[in-house]
Amino acid sequence: MDIFGSIVGNIIPSVGEYWNYHKEADQREKNLKRKRELLESREDDIKTKLDSELRQGKIPKQEVKLWLQNVETIKGDIDIGQEPPRWMFLSRMQKGEFAFKKTKEVEELYQAGDFTDGLFLDLPERIGNMMPPLTLVGESTAQRTKKEIIACLLDNSVGKIGVYGMGGAGKTTVMKEVNNFLLNESDKFESVIWVTVSKDNDIIKLQNEIACKLKLGLPKFEDEITGAVELYKALKDRRYVLILDDLWQTFALEKVGIPEPTSANECKIVLTTRYLDVCRGMSCKDIKMELLLKEEAQELFVHKMGSDVFSTPHLKAYAEEVLQTCAQLPLAIVTIAGSFKLLVHDYEWRDALERLRTSLKGFDSIEKQVHEVLKFSYERLKEEKLKQCLLHCALYPEDHKIYKEHLIEHLIDEGIIERMKSRQAEFDRGYSMLTELENACLLEGVIEKYYEEGKWVKMHDLVRDMVLQVASPEFMVEGHLGLEDFSDEGKWKENLVKASLMYNKISRIPSNVSPMCPNLSTLLLQGNESLNNVPDSLFEHLHGLKVLDLSYTGIMSLPNSVYSLENLNILSLRWCRKLKHVSSLAKLTTLRKLDLGGTDISEVPDGLEMLVNLTYLNLEAWNIKIMPLGILPKLSHLQYLRFSRKVTVKGEEMERLKKLENVWVRFDDLYEFCTFIRSFEKRQLASYQIQVGQSEEDVGQLEVAKGVIFAKCNLGQSESSLVLPEDVQSLEIAECNDLTSLRDVPSLKHVRELKEIYLSRCKGIEHVLSSSVTDSLQTLEILRLWGLDNLRGLFRKERAASARVPPNTFSCLKKIDIYRCPNIKKLLPPLLHLRNLEQICISSCNQLEEIIGEASDEFEEEEIEEEGMDTTKITLPNLRHLELQGLLGLKTICSSSKSGTLLTLRMSFNPFSVNCPKNGY
């Protein structure tokens, strides 16, 4: 009987358990499905993170790889099919049991995928930059060369590799692909260092370039021995690949400080050069960059043309002859295709082809033929101004990356871009011209780190050689050649028009140097940092000089002969840090641009009021404290005006400058500021950084084009008069202690492009925002709150229904930065749309208890729920960075009266979820 009872006692619970499996099968299937979806979401997010970071050379942990395998396994095990008929009790029971058990496995696997310590191994920072992806020209030839280079890199018996071939054959393009392979698909090397060497072969420059790429943080080397010691120290224990692009001469590795690559240290050097002798002189395994096969050349030509002209019967013969002139050289092909791509009719092709034939007559060697092909493309440019623009680009040193904005400024200075109705129109014209030259493949777009795409250009050295030959003898260009003196007067020909010796090491100009160049209009000496003195004799016979650039030199004074250059249009002395005095400029009445920014002068130069043709004036010299009254109104053509924040200007003087477009100034008080702003009611400034108030400090660094800073102002007492520009993008308020909230700035509600708010050291602020300004905040991207001693919260509580803050108030917000706000307890209400928030940084806020608090008076949950929002889920899908420091009172990241509120964050692409009941994480 006891045995029977024992058996029955064991069976009954089992029957009950299996009955529950049967009865709850539907619910358990749904629960499994939901849990599986969560697991798959986490899997997708982790894969996204892996894909992104693997391109940067990071190595995933083995536990991450195993977790992904387990996810795939359990997904294969789960088979939620069609529901069986309800009378199939056993099948339904098994289904419920299966769902129950798999749900537990899925939950465990989901939790295991949290990876709070990160997805990747904590290895030393890998050095290297990915290059912009390019389509390899001539897939078989280029790919074959790429594979050969990579094979040598992976072969321990090969330490140095030399890739040689004609200029324009595609050596650099292939090496960019190799560079990306090493960073993206190989973990063999810790550092991939790319340096462009060029003709100058300057050892100290090479050392500094390598040190910069290694992020050593050292001051620039001044001598070879110091550089060699520091570089050797940095490289000797590192597995690196050093890519030296465009090497023209051999050099000793030990002279630079580069350890000799061996099988033991597993380091590699790859160089590209036009000369086999250089490869052999550097003891390299040489690899030739072959020219394209005919089929590849045709494919590249069609790709650049944008249409298959070889399939067009009436153009095929012409296209074949044009392609033949390019000698299967990629640079020549893409350049000539850029010249022919706009031709449609057969007569246009015949005419262009005849011109090309004529230009090539008498040239047998491939090099000379390619030169003429490039020259033909230059001559096919339809506008003379485009040719002048390209000629001007050749004034820069070889392989120099040129910032477009500065280049366009110079094109305006030179008159290549003609004066138009506004600077904005001139810059638009400049960008259009550069785009045309890029489309013609005569300039190359360059991507620089920390800059948006499309901001830089450079010129291929073959194109530059062609352009300088076209410009000869009117151009003399010796930039970046390491020249140390100025003594070779034989180069200063009488017919010289433009001379560029920028970015050399010129330290002296002999006092007897006096070039006889009556036609010289442009002299560019910028970047010669060691040049301390310029003799009077230099300018004695340069009466036609229009553009003089001595920026970034060490000059301490200007020679007297400069003040007599009565045809001078441009005088640029920017960042001549040792320049303490500028004499009277009264004779330079044709001057249109005067740049004294960053100099050490302490007073405005005499005679400035005589320069009535000025359109550009930069007086941002920090020792200048006073702008004498009466000068600015006489400079009525000014479009660009810049002072340091130690100088104040008057609103009534500024309002008379009707052509202003770009302004950096400070006003003493709100009245002066508002006087100026009201004068612009019917027109807009292209850019401005305006500070208002008694502070002379450089209060903040605005990151946008249009910003206003109020520092030590009485904003709360001037409600009726304060006028903000409607297009202001950044608003900074510092030490304005009468301000209690941004509600005290009523004109803020008319602002429509606001991206950044920065409030600092305003003792009266208790709440930042109210409903009256929420429309202005829907474009806000950055909110910074620093040193607000009495800040209680972001939003002022307002009972009226019409005064509640809409959930989309911060819909564009990307960054919140809060520092030393000791009395704030809750930061964000829970029901804001924060889908674009990427970064939260909070430090030294001792009483802060909650990052995301409960719904409060300004956000009523009932009202939001009526609009269909899910009040149990707070999602920050784009959060990348959460930094919390010195928060002694912090109790929770998120609190809610609903005990199941789920906070979902995404940290560095690695999401995690935290269950946040009230008073808990």
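Values below: every heavy atom of this structure, side chains too, minus hydrogens, waters and symmetry copies. We number each residue from 1, following the sequence as shown.
Below 30°, between 30° and 60°, or above 60°: for Tyr758 and Trp786 the angle between ring planes is above 60°, a perpendicular geometry. Ring geometry for Phe795 versus Phe810: interplanar angle of 30 to 60°, hence tilted.
Contact annotation: the side chain of Leu685 never approaches that of Asp727 to less than 4.5 Å [non-hydrogen atoms, C-beta and beyond]. Between Arg36 and Lys33 there is no side-chain heavy-atom pair separated by less than 4.5 Å. The shortest side-chain heavy-atom distance between Asp669 and Val692 does not fall under the 4.5 Å cut-off.
Salt bridge status for Lys815 with Glu838: absent, with no side-chain N to carboxylate O gap under 4.0 Å. Asp789 and Lys763 are not joined by a salt bridge, as no carboxylate oxygen comes within less than 4.0 angstrom of a charged side-chain nitrogen. Under a 4.0 Å N-O distance rule, the pair Arg761/Glu735 qualifies as a salt bridge. Taking 4.0 Å as the cut-off between side-chain N and carboxylate O, Glu37 and Arg34 do not count as a salt-bridged pair. At a threshold of 4.0 Å, the pair Lys75-Glu43 counts as salt-bridged, since one of the basic side-chain nitrogens sits closer than that to a carboxylate oxygen. A salt bridge does not link Arg784 to Glu732: none of the charged side-chain nitrogens sits closer than 4.0 Å to a carboxylate oxygen. Taking a cutoff of 4.0 Å between a charged side-chain nitrogen and a carboxylate oxygen, Lys104 and Glu108 do not qualify as a salt bridge. Ion pairing of Glu781 with Lys755 is present here, as a side-chain N (NZ or NE/NH1/NH2) and a carboxylate O approach within less than 4.0 Å.
Between the side chains of Gln885 and Glu883, at least one donor N or O lies within less than 3.5 Å of an accepting N or O. A donor-acceptor contact closer than 3.5 angstrom is absent between the side chains of Asn31 and Thr103. Between the side chains of Thr740 and Asp744, a donor-acceptor pair is found at a separation under 3.5 Å.
Other residues, nucleotides and ligands place more than 12 heavy atoms under 6.0 Å from the CG atom of Leu216. The environment of CZ in Arg792 is crowded: more than 12 heavy-atom neighbours from other residues, nucleotides or ligands sit within 6.0 Å. Counted within 6.0 Å of CD on Glu726, heavy atoms from surrounding residues, nucleotides or ligands total 12 or fewer; the atom is thus considered open.
Formation of a donor-acceptor pair under 3.5 Å by the Glu107 side chain with backbone atoms of Lys35 is not found in this model. Of the possible polar contacts, none joining the Glu850 side chain to the Leu890 backbone as a donor-acceptor pair under 3.5 Å is found. Remark: the backbone N or O of Asn823 is not paired with any side-chain donor or acceptor of Gln847 at under 3.5 angstrom. Of the possible donor and acceptor atoms, one in the side chain of Asn878 sits under 3.5 Å from a partner among the backbone N and O of Arg835. The backbone N or O of Tyr640 sits nowhere less than 3.5 Å from a side-chain atom of Arg642 that would complete a donor-acceptor pair. Here the side chain of Arg666 pairs no donor or acceptor atom with the backbone of Ile690 at under 3.5 angstrom. Of the possible polar contacts, one joining the Thr779 side chain to the Leu754 backbone as a donor-acceptor pair under 3.5 Å is found. A distance-only check finds no donor-acceptor pair linking the side chain of Gln694 to the backbone of Ala711 [under 3.5 Å].
The shortest non-hydrogen separation linking Ser644 to Ala621 is OG-O, 3.9 Å. Contact between Leu887 and Leu848 at its shortest, heavy atoms only, is CD1-CD2, 4.2 Å. For Leu882 against Ile893, the heavy-atom pair with the smallest separation is CD2-CD1, 4.4 Å. Here the closest heavy-atom approach between residue Leu794 and residue Leu828 is recorded as CD1-CD2, 3.7 Å.
Taking CD1 of Ile842 as the reference point, atom CG of Leu827 lies at 5.0 Å (rounded to 0.5 Å). For the atom pair CD (Gln691) and CG (Asp668), the distance works out to 11.0 Å, reported to the nearest 0.5 Å.
Every residue was checked against the ring-ring contact (aromatic ring centres under 6.0 Å, His included) condition with Phe643, not counting sequence neighbours, and none meets it. Residues satisfying the ring-ring contact (aromatic ring centres under 6.0 Å, His included) test with Phe676, not counting sequence neighbours, are Phe667, Phe680.
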